[in-house]
Amino acid sequence: MPLIGKASPQDYNLHPSQYPWARELYDQAIANTWYPHEISLKEDLEDWANMTEDEKHAVEFILSFFNPAELIVNRVLALGVYPYLKSAECHLYLAKQMWEEANHCVAFEYVLETLPVDREQVYQTHLELPAMQAKEAFINRTMQRMTDDRYDINTPDGQRDFIRNLVAYNIVMEGIWFYSGFMVTLSFRQRNILRNFGSMIQWVLRDESLHLKFGIQLILTLLEENPDLVTPEFASEIEALVIEGVELESNYNRALFPNGILGLNADYVNQYVQYVADRRLEELGLTPHYHATNPAKWMSTATDVFELVNFFESQNTSYEVNARAYDQSNDSGNVRDSAK
Ligand code: MN
Ligand code: FE
């Protein structure tokens, strides 16, 4: 059965499995499940009182974009991706991803309810600020073709539209724009500020890294199954979409940083954006465009490490007590000796 096409009764059979990678990503996603209330923001609230106006602006700005962006991803998945995928394993994975995007939205809502911010203004910003509107318009442009009455998934052009849409919401939005926001928010934790919000972002990042793996796998599988789609023209079109996404993000970051904060400024973050964009181009089998070096080396540990080292460090004391008790039982010799 091909990966995409019109729906048929066979689409609901999980076996025989043709796309085991999608089932593996589903299992991994289930293992990564987390809930916003596991994180206490009490210390972050204390940090907030000591932050500069520019620092607060940066957090509010990023939440203004991220909160609706989570639901925009879900709309794209529901209307532009799920209906055209025929694989039952992919349907399982997308159901979990959609819950995760809802969970991210609610997690950011929890942050907005906890910090003393002007929530009305935060919700309003993405509707008014040109740099955010331009990003949303970019997503809507490729998405619109997927909901057009004349859309046909079984034509080469329909299949190219499906891939264009994947590149926009997955490679550009989830794979570049979100990483830019993660880098800025995790910079606070690097300075020992907003550490619990940082843990939350790290959980979101772990989810998004799976969303990205899924999207890339979809694109590569589609190109493998439909080699006629692979032309130099289409490759440069994909590259152009990525470059356009980088330009939109660069403008957005200039509005995000009217002045620098925490040793960051728009140029620094935009160099990271270019570095990430090059990695995405490579992951798609294209050549890097920017040849930018990573200005935030510490981000590679934040993104490459799947299991988090300091996950519970700042909030879950009972976990630490249990861990210590376990270490002591090890030191008494029983567990370690019997394992030898
Ligand atoms: Mn998300
Ligand atoms: Fe996502």
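What you see below is based on every heavy atom in this structure, not just the backbone, and it leaves out hydrogens, waters and symmetry mates. Just so you know, ligand 1 is whichever comes first in the structure, and atom 1 is the first atom listed for that ligand.
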Are more than 12 heavy atoms, taken from residues, nucleotides or ligands other than Glu128, located less than 6.0 Å from that residue's CD atom?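 Yes, the 6.0 Å shell around CD holds more than 12 heavy atoms from other groups.
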
Within a radius of less than 6.0 Å around CZ of Arg75, do more than 12 heavy atoms belonging to other residues, nucleotides or ligands occur?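 Incorrect, the count does not exceed 12.
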
Angle subtended at the Fe ion (ligand 2) by OE2 of Glu208 and OE2 of Glu174, to 10 degrees?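 An angle of 140° at the metal.
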
In sequence, state the C-alpha distance, the side-chain angles, and the governing distance for His126 and Glu136, and then conclude on side-chain hydrogen bond (donor to acceptor under 3.5 Å, both in side chains). CA-CA 9 Å; His126 82 109; Glu136 290 185 13; 2.6 Å; yes

Kindly assign one of parallel, tilted or perpendicular to the pair [X] and [Y], based on the angle between their ring planes and the thresholds 30° and 60°.
X	Y	result
Phe65	Tyr252	perpendicular
Phe197	Phe108	perpendicular
Tyr82	His91	parallel

For the Fe ion (ligand 2), give me the closest N/O/S atom belonging to Glu101, just the atom name.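 Minimum-distance N/O/S atom of Glu101 relative to the Fe ion (ligand 2) is OE2.
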
Among the N/O/S atoms of His211, which is closest to the Fe ion (ligand 2)? Give the atom name.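 The closest N, O or S atom of His211 to the Fe ion (ligand 2) is ND1.
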
Charged tip of Arg279 within 45° of Tyr275 ring normal and under 6.0 Å: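 Yes, cation above the ring, under 6.0 Å and within 45°.
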
If you leave out waters, which protein N, O or S atoms are less than 2.8 Å from the Mn ion (ligand 1)?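 Under 2.8 Å from the Mn ion (ligand 1) - ignoring waters, which are not counted - the protein N, O or S atoms are Glu70 OE1, Glu101 OE1, His104 ND1, Glu208 OE2.
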
